[in-house]
K.L.:
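Mind looking over this structure? Questions follow.
Side chains are part of it too, since the values below use all heavy atoms of this structure and drop only hydrogens, waters and symmetry mates. In this chain, numbering begins with 1 at the start of the sequence shown.
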Amino acid sequence: MKKIEAIIKPFKLDEVKDALHEIGLMGISVTEAKGFGRQKGHTELYRGAEYIVDFLPKVKLEIVCADNLVDRAVETIMAAARTGRIGDGKIFILPVEDVIRIRTGEHGEEAI
């Protein structure tokens, strides 16, 4: 099993969620986040004063899935989240040792 963490632009969340649903991935956790990468924020003007916005709004998705679904899930996220502009985000893939469903005590892929 693998855990996929994807940092994407907030307005792409619905597209990514729908695309993942279409390939059969139902479980997803979403967290609002702020961050920056190469784009290093931007400058805005508010009431005549200029200020720097260092941390841009992002959304972090967390998905745990079977090894055989990882490549398809990553391709789906990339296709749905891509705008072609700087700041589209990142995808991280991590190994998962075990998953336990609290309600039933099931382990492994059955608990996903």
Side-chain angles (χ1 to χ4, degrees):
M1 292 177 294
K2 300 280 192 248
K3 179 179 183 182
I4 301 169
E5 292 183 2
I7 311 291
I8 64 170
K9 292 182 176 187
F11 67 89
K12 286 294 198 171
L13 177 60
D14 286 336
E15 284 180 57
V16 172
K17 179 185 63 95
D18 292 343
L20 289 171
H21 185 72
E22 284 180 22
I23 66 166
L25 285 173
M26 305 297 177
I28 182 173
S29 296
V30 178
T31 307
E32 290 182 14
K34 290 186 178 189
F36 67 91
R38 290 184 180 165
Q39 81 268 30
K40 296 184 176 78
H42 62 278
T43 304
E44 288 190 6
L45 196 63
Y46 179 71
R47 293 189 176 187
E50 196 173 273
Y51 66 98
I52 297 171
V53 179
D54 286 334
F55 294 99
L56 301 172
K58 301 288 181 181
V59 174
K60 180 179 179 182
L61 310 176
E62 295 177 276
I63 303 155
V64 176
C65 63
D67 290 335
N68 62 335
L69 292 175
V70 172
D71 290 338
R72 192 164 178 209
V74 169
E75 290 170 11
T76 300
I77 293 168
M78 286 177 56
R82 180 179 288 131
T83 66
R85 295 189 306 269
I86 195 164
D88 276 351
K90 298 269 191 299
I91 299 174
F92 305 95
I93 303 168
L94 308 143
V96 174
E97 284 188 35
D98 199 4
V99 177
I100 302 165
R101 178 173 286 146
I102 295 173
R103 180 177 53 88
T104 62
E106 292 172 297
H107 282 261
E109 290 185 23
E110 295 84 38
I112 300 176

K.L.:
Compare every heavy atom of I23 with every heavy atom of A73, then report the nearest pair and how far apart it is.
P.N.:
CA-CD1, 3.8 Å
K.L.:
K58 side chain to G87 main-chain N or O, any donor-acceptor pair under 3.5 Å?
P.N.:
yes
K.L.:
So, taking the atom named CD1 in I77 and the one named CD in E5, what distance separates them when rounded to the nearest 0.5 Å?
P.N.:
11.0 Å
K.L.:
Count I, L, V, M, F, W, Y as connected when their side-chain heavy atoms are under 4.5 Å apart, and connections chain through other members. Are V74 and V59 then in the same cluster?
P.N.:
yes
K.L.:
Say you draw a straight line from NZ of K12 to NZ of K17; how long is it, rounded to the nearest 0.5 Å?
P.N.:
14.5 Å
K.L.:
Consider side chain to side chain contact (heavy atoms under 4.5 Å, CB included). Of I4, V64, L61, which one does I28 pass it with?
P.N.:
L61
K.L.:
What closest approach, in Å, do P10 and P57 show between heavy atoms, and which atom pair accounts for it?
P.N.:
CD-O, 3.4 Å
K.L.:
Can you name the closest pair of heavy atoms from C65 and L25 and give their distance?
P.N.:
CB-CD2, 3.8 Å
K.L.:
Consider only side-chain heavy atoms of I, L, V, M, F, W and Y, link residues closer than 4.5 Å, and tell whether I112 and I93 are in one cluster.
P.N.:
no
K.L.:
With rounding to the nearest 0.5 Å, note down the distance linking CG in L56 to NZ in K34.
P.N.:
9.5 Å
K.L.:
Verify, without hydrogens or angle tests, whether D88 (side chain) and T83 (backbone) share a donor-acceptor contact under 3.5 angstrom.
P.N.:
yes
K.L.:
State the OG1-NZ distance between T31 and K60, to the nearest 0.5 angstrom.
P.N.:
6.5 Å
K.L.:
If you round to the nearest 0.5 Å, how far is CG of L20 from CD1 of I63?
P.N.:
4.5 Å
K.L.:
Can you hop from V70 to L94 via hydrophobic side chains spaced under 4.5 Å?
P.N.:
no
K.L.:
With sequence neighbours left out, what residues match H107 under side-chain hydrogen bond (donor to acceptor under 3.5 Å, both in side chains)?
P.N.:
D98
K.L.:
Output every pair passing salt bridge (charged side-chain N to carboxylate O under 4.0 Å, His left out) with a member in residues 102-112, not counting sequence neighbours, ordered by first then second residue.
P.N.:
R101-E106
K.L.:
Got a sec, which residues hit salt bridge (Lys or Arg N to Asp or Glu O under 4.0 Å) with E75, two or more places apart in sequence or on another chain?
P.N.:
none
K.L.:
Give a yes or no on whether M78 and L69 share a hydrophobic cluster (residues Ile, Leu, Val, Met, Phe, Trp, Tyr; joining criterion: side-chain heavy atoms under 4.5 Å apart).
P.N.:
yes
K.L.:
Considering all heavy atoms of both residues, which atom of E97 and which atom of M1 are nearest to each other, and what is their separation?
P.N.:
O-CE, 4.3 Å
